[in-house]
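Read through the structure below, which is laid out as structure tokens, and then see the notes.
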There are 2 protein chains.
Amino acid sequence: MTKPANNLSIDAKRLWNDLMETARIGGTARGGIRRLTLSEEDRRVRDWFKAECEKLGCTVQVDEVGNMFATRPGRDGTLPPIAMGSHLDTQPTGGKFDGVLGVLAGLECLRTLHAADYETHAPIMLVNWTNEEGSRFAPAMLGSGVHAGVFDRAYADSRLDSEGTSFAHAIEAISYRGDVPAGATRIGAMFELHIEQGPILEAEGDTIGVVTGVQGMRWYDVEIGGRESHAGSTPMAMRRDALPAAAALVLAVQGAARACPGAVATVGTIAVHPGSRNVIPGAASLSVDLRHPDAGALDGIEAAIEQALAAICTEQGVSGTLRRIWDSPPVPFDPRCLASVRHAAGSLGYRMREITSGAGHDAAYIARVAPTAMIFVPCAGGLSHNEAEEASFGDCGAGAQVLLRAVLDYDRRLAEGRQEESP
Amino acid sequence: MTKPANNLSIDAKRLWNDLMETARIGGTARGGIRRLTLSEEDRRVRDWFKAECEKLGCTVQVDEVGNMFATRPGRDGTLPPIAMGSHLDTQPTGGKFDGVLGVLAGLECLRTLHAADYETHAPIMLVNWTNEEGSRFAPAMLGSGVHAGVFDRAYADSRLDSEGTSFAHAIEAISYRGDVPAGATRIGAMFELHIEQGPILEAEGDTIGVVTGVQGMRWYDVEIGGRESHAGSTPMAMRRDALPAAAALVLAVQGAARACPGAVATVGTIAVHPGSRNVIPGAASLSVDLRHPDAGALDGIEAAIEQALAAICTEQGVSGTLRRIWDSPPVPFDPRCLASVRHAAGSLGYRMREITSGAGHDAAYIARVAPTAMIFVPCAGGLSHNEAEEASFGDCGAGAQVLLRAVLDYDRRLAEGRQEESP
């Protein structure tokens, strides 16, 4: 019954209907979704997901931290499945597409394979990763992190929400503690479709982002120490004002990132002490978020910021320290998976560009244990983590179509022995 | 019994003893004073003040807002008194000298005149102004402001402290509602001795500051509007980040003040929205405190800041507004009073310099209704509004000596007809 994979077309309308139907589970008045991980709403969407997958003949297994794996058999049952997946949980005032698109587009791919009675070489798997958002239980990407061995199950179980409820309690309360040991599920490769959550594709008129990796991220805390004194009676030359030093550092951070292609750097928080209109600030604290796909570039920017801070402190007569508090190394995606994504988008004639993910995703952790890539589609104005988050009907369909074709291309290469077998 | 005024010497040790004795009323463990206006501690120090003045034969009158006027008769009872004065209330964690020195040095002058049985031409008056600090009841300089007609009594009565107690209730609770109508007390001139509350005299090795006026002060609110977006997925070139714009304005404010001799400008508060480590700030708010002795210079700096803001907004792709929310014009002190201060300090051989007050003082309001001047003495490190505030034994004595000699010089000029009579 196998037909050529190139003829398989997903049904964009059916995908859109699934997006809109599940958006009612936790739907907000402003058109967004509030579906916190392991909440009653999460249970409802999980039940829906399981039922829809089973309707397509898939077996659905759940692991100890609630990750859901729906598997459609392939010709060679010894091969690890080629996975698609993302997450169905949302931010407290999240949108309808972040995460959800990647899962429902995968479901649409399964529907399409099922309707065509298409038999793949390797099994095909659809995954709903638990607690990607991290907004109920920190940290983010907890389910995929446990699967990849970044965290262990006990750590996940111990996470508390703001009301003191543990992850362990919450997962049992919605009966989604599965019996599959965390990390035991084999994954041959994974493709994650996601909205970009940034403005690049829309601004450049591209439909598909071939995501070559996830940027490295480093977080810093900066403390500036000056001398609190009277705004009226302290001459300019005798001040040790912490704020102009902090301000100069903000501009130095911006300048260092602007000077390095592909870099982004953000000072998202700033506070001065005592914070009174007529008192010269004696201290200032700020945060720096620095990202680049290349660790060497991150080192260079970090050094530039450190140098700038030293010069600023001398100029302003204050002290300053820059402390790195978090370092998430860059994640390059798998060249074979990327080749399949490029092939898929190219053969479908979509305008595409290579892009780096600025945000973290489940795929970043899964890349540690399986060949992985991501596909981005545009979202309006780059807006995400917002009830007004929007992706177009056409772009969602294009993303799902590219996802299916990339998976089938990867599978065909496996079958033809052009892909070495995945771990 | 009149002796030449040049021979009258204050007793620095007696002054210091008064400073240390009254510092116990509301004294803190860290060596400061907590003597909030119209509190029980304020009542106790007022009672002490009244008793000490009466011991010297002075009559003490209290007006409707609690201002205390102790008068020592002169030869010509028709003349309005030459006043000395400041305030006995303190900041919540205030020091031992701010305000207190001006009152107790005046008391020491009265003690010296009394001991010498010296008869002045005009009556001499010592004033304790109510609520200079404004830290229990805003605004500051309330008592002198009511006396000068800047505020009316009803306004003063209506002020509430942080616990909801009104000024009216508090003044009656400590029985310091006097029967003298506010503003009715005649003042021929006023001299206020005060610690500098800044670092200039100490840094330059001067003992006496001849305070030529109080700087004009303007307060501004600045609002910057950008676009909140994802710190990871928004390229530098597509950002509308409110914080670098705010930072550039902080440096522009500093630069504009540095470029104008005599100017000081301070950004004491800054806040960004949403204030999250990985979100590009969509908005920033900051305050600007700008001071200069000349209104024209203030206009020039204000224009420079406005121009800088416009250029910054263009460069950073954000919107910005600068709104002036308060304007206190410069107060020049009286040339006749200043001549007496200069004469006094010069004849005593103290190193002196002209200085402008960066802070507000009761004298700034009294200057609206009477010839007024101030005398500054150094304070350690420019520190004030702090329990560690410190002025030396020698400097306190020097200040009191200059105060007495300036008052007597002013009085002598009056007697010799070289001073036109005050209003």
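Throughout, protein chains are lettered first and strands after them, A, B, ... in sequence-line order, and every chain is numbered starting at 1.
- With a 4.5 angstrom heavy-atom cutoff, B:Ala284 does not touch chain A via any of its atoms.
- At a 4.5 Å heavy-atom cutoff, the contact between A:Val279 and chain B is made by backbone atoms alone.
- One distance of note links OG1 of A:Thr234 with CD1 of B:Ile200; it measures 8.0 Å at 0.5 Å rounding.
- Ranked by heavy-atom pairs shorter than 4.5 Å toward chain A, the options B:Leu251, B:Asp289, B:Val272, B:Val288 are led by B:Leu251.
- Most heavy-atom pairs under 4.5 Å with chain A, from the set B:Pro199, B:Gly198, B:Gly275: that is B:Pro199.
- Proximity to chain B is absent for every atom of A:Ala271, based on heavy atoms less than 4.5 angstrom apart.
- A:Gln215 approaches B:Gly232 most closely through the heavy-atom pair NE2-O, 2.9 Å.
- Listed options B:Ala203, B:Ala265, B:Ser229, B:Ala237 were ranked by heavy-atom pairs under 4.5 angstrom with chain A; first place goes to B:Ala265.
- The two residues B:Thr266 and A:Pro281 come nearest to each other via the heavy atoms CG2-CD, 4.3 Å.
- No other option in B:Ala359, B:Gly382, B:Ala247, B:Gly360 has as many heavy-atom pairs under 4.5 Å with chain A as B:Ala247.
- When heavy atoms are compared at a cutoff of 4.5 Å, A:Arg239 approaches chain B solely by way of its side chain, counted from C-beta outward.
- In this structure, no portion of B:Phe376 lies under 4.5 Å from any heavy atom of chain A.
- A:Glu223 CD: more than 12 foreign heavy atoms inside a 6.0 Å radius.
- Ranking B:Arg291, B:Arg277, B:His230 against chain A, the residue ahead of the rest is B:Arg277, based on heavy-atom pairs under 4.5 Å.
- When A:Ile280, A:Leu286, A:Val267 are compared by the number of non-hydrogen pairs under 4.5 Å with chain B, A:Val267 comes out ahead.
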